Number of protein chains: 2
Amino acid sequence: MVTIRDIAKRAGVSVATVSRTLREPEAVRPAKRDAVNQAIEEMKYVPNAIAQQLRRPRHEAIIVIVPEIANPFFSEIVQSIENVAHELGYRVLIGETQGKQERLDYYAEMVTSRVADGLILLGSLLPSVVRATVKAGKPLPMPLVLACESYAGLNCPHVVIDNVAAAKLAVQHLIEVGRKKIATITGPMVNSLCADRLRGYHSAMVEAGLTPEAGWIVDGDFTIESGHVAMLRLLELESRPDAVFCANDEMAIGAQQAIHEKGLTIPGDIAIVGFDDLRFGAYASPPLTTIRQPTNELGETAMRMIDAMLHDKPLAEQSVVLAHQLIVRRSSGVQD
Amino acid sequence: MVTIRDIAKRAGVSVATVSRTLREPEAVRPAKRDAVNQAIEEMKYVPNAIAQQLRRPRHEAIIVIVPEIANPFFSEIVQSIENVAHELGYRVLIGETQGKQERLDYYAEMVTSRVADGLILLGSLLPSVVRATVKAGKPLPMPLVLACESYAGLNCPHVVIDNVAAAKLAVQHLIEVGRKKIATITGPMVNSLCADRLRGYHSAMVEAGLTPEAGWIVDGDFTIESGHVAMLRLLELESRPDAVFCANDEMAIGAQQAIHEKGLTIPGDIAIVGFDDLRFGAYASPPLTTIRQPTNELGETAMRMIDAMLHDKPLAEQSVVLAHQLIVRRSSGVQD
DNA sequence: CATATTTTTGTAAACGTTGCCAGAACCCAG
DNA sequence: CTGGGTTCTGGCAACGTTTACAAAAATATG
């Protein structure tokens, strides 16, 4: 490995001069600067980033934690984080937890052990260290931004949408197009956001004077398959619903499939609304009505927030709530 | 920040003993060991990974480069890489290029600058440094494994499927179910794998004594939208095809949509075959016949290969070709 | 041309670990 | 209790940078 010392020797200068040539070239006399650059060129020197990081207080690297990389909703957010990050001069390391606390802690430790400067958290899990400090009412143990979810009692910058209102909007839409027997397929209740969406569902129903019947609320786990299974269950009910609000698009797609299998039509027999606005939803059959979350803004805001934290810029908002949007497509159309 | 020295002082031992307690506990007398552990506990000491990495020759970290993280095909491979990596004790950093050479080079530099030990490359782009050494006929400038694609003239371990044979199989299937006017929607031709798939298409056609008419070969770019556009183009043709082989599932889904829009049926009027076996394909309408790539094995093999390279284990195979599989679903069914 | 001032350079001390090596402490046999 | 052999421990030199600080060189000033 060629080091800064080799370059110094070759160029006939001191290591400090080499370092300066790299860091602040204008501070070194052109003649020497050229000699150094030439040596670097000739010897193909690349500074050892690890050694640099040992000296420097900050590395301009962040970790983004995703429960599941294969989930398009998350990967779209990651994508927008990456874009802003590059613009701001950060490198982005992506970590996948697959719901495992152990893996999350592993990544969190990468920031306590100084491999990265901060963490953007996309799932519903919290690193153990963070959980501990929350309990103790202490400040955050590391620069952290939450996207998608927030936690009561955790004083941490976050960017979210109003899941209660969004779900409510979705269900109200179903009511407006004339549905009354509205069921819902929920996500895993460990996520507070799922509880919120369920709350929104209830709220819309109650306000419209509708009472969800027993069996109209079915648990899913955000996968296509679980939506499929849940829908089959709903279809067997005595009082079959005429509409279903699904807590995400993947489950909605699974539900659609189940409805088709039973020879029923969408939206004729059953209307469907999803959540997330996956790009596959627009191409489902029929195209899926859904709530659009602003994945771009979500990612961008999260990235700018962590950047602000890391550079002690004042944070405009501790808590940013972005606007959601109802996208009406054929799956909730008028009965045809 | 609490360092190893603080722990040493608190526990009344030398730094070496602290380090040993962490690295090889059995080599230190239980009494001291306990004192050290207690100090670590009390002071909440976490070793500085950067400093460790400066001393250690290897970091057990790899970078996986993906063109696009939001593409489920890639993210499934990444997922399986992650799983094996954790098992083998590696940390995985994911980098997204979005087709930009500049970003790719940036990540490649993370391995020359010792942030990571090696690279797994999922796209069709090569880092500039690698390209340079290939031209010069030199050995690889860094531990590198290619997944999905291989390059003529680049002597680098890779794991792929036989895209020519797979595409051929897909088209042969269409021929077997009685189609004759078979079109294809290709991916971006910068990817050698797209050229391969087109070759497979041609080969199957020729062998069956069929000649693709002008206009039956349309370019796409792997997105749903491009599949949609391409299909619309095909539907306007004088001699409308009665089957389409799409170079990936996303484009196939877009194509299906276009067919529905024009009031035609699948597979009645037009049969469709995709490629990749995305999970959304199974829930398309109708469910999509496709070529399954073994994403799990792809990822796992790539990871094991890079591990072998990094630990100088002999590589069983420089080039691994995995088996593909035709998954027949309704989109290519018998005319109904 | 000497002196004061500014710019450029080099020396050496960090950064937080690990691991070699030598010395200290321990154990057992005689 | 001594000596020899183990086992543990501590001191210290790396690892490859960056950066104070001081020294040297260049430039400006009288």
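Letters A, B, ... are given to chains in the order of the sequence lines, protein chains preceding strands, and every chain is numbered from 1. It should be emphasised that the depicted structure is a prediction, and the values quoted were computed from it without experimental measurement. We use all heavy atoms of the structure for the numbers below, so side chains are in, but hydrogens, waters and symmetry mates are not.
A straight line from CZ of Arg114(B) to P of dT17(D) spans 10 Å, rounded to a whole angstrom. Atom-to-atom, CG of Asp34(B) to P of dT9(D) comes out at 12 Å; the value is rounded to the nearest Å. In this entry the distance linking CD of Gln53(B) with C1' of dG16(D) reads 14 Å, nearest Å. As rounded to whole Å, 17 Å separates atom C1' of dG10(D) from atom CD1 of Ile7(B).
Applying the 6.0 Å contact sphere to CD of Glu26(A) captures more than 12 heavy atoms from other residues, nucleotides or ligands. Within 6.0 Å of CD in Glu24(B) there are more than 12 heavy atoms belonging to other residues, nucleotides or ligands. Within 6.0 Å of CZ in Arg114(B) there are 12 or fewer heavy atoms belonging to other residues, nucleotides or ligands.
Sequence neighbours left out, the pairs with a member in residues 106-137 of chain B that pass ring-ring contact (aromatic ring centres under 6.0 Å, His included) are His86(A)-Tyr106(B). Every pair tested for ring-ring contact (aromatic ring centres under 6.0 Å, His included) that includes a residue from residues 30-77 of chain A fails, sequence neighbours excluded, so the list is empty.
Although no hydrogens or angles enter the test, the distance criterion places no donor-acceptor pair under 3.5 Å between the side chain of Arg33(A) and the main chain of Thr21(A). For the pair Glu149(A) (side chain) and Asn191(A) (backbone), a donor-acceptor distance under 3.5 Å is absent.
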Check nucleotides 5-8 of chain C for protein N or O atoms closer than 3.5 Å to its own N or O atoms and list the pairs.
unit_1	atom_1	unit_2	atom_2	d
dT8(C)	O3'	Arg29(A)	NE	3.2

Exercise. Determine, stepwise, if the pair Gln101(B) / Asp105(B) fulfils side chain to side chain donor-acceptor pair (under 3.5 Å).
Key: CA-CA 6 Å; Gln101(B) 182 74 47; Asp105(B) 289 342; 3.1 Å; yes
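A sub-4.0 Å separation between OP1 or OP2 of dG10(D) and a side-chain N or O of Thr17(B) is present.
The structure places CD of Glu82(A) at 7.5 Å from CD1 of Ile69(B), a figure rounded to the nearest 0.5 Å. Taken to the nearest 0.5 Å, the CE atom of Met305(A) stands 13.0 Å off from the NZ atom of Lys313(A).
For the helix from dC1(C)-dG30(D) to dG30(C)-dC1(D), the angle separating the two terminal helix axes comes to 40°, with each axis derived from five pairs and the value rounded to 10°.
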Quiz item: In the 5'-to-3' direction, what one-character label does each nucleotide of nucleotides 14-21 of chain C receive under the scheme B = base within less than 4.0 Å of a protein heavy atom, S = sugar-phosphate only, - = no such atom?
Solution: BBBBBBB-
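Among residues two or more places apart in sequence or in another chain, the side-chain contact (heavy atoms from CB on, under 4.5 Å) test is passed with Asp221(B) by Thr223(B), Ser226(B).
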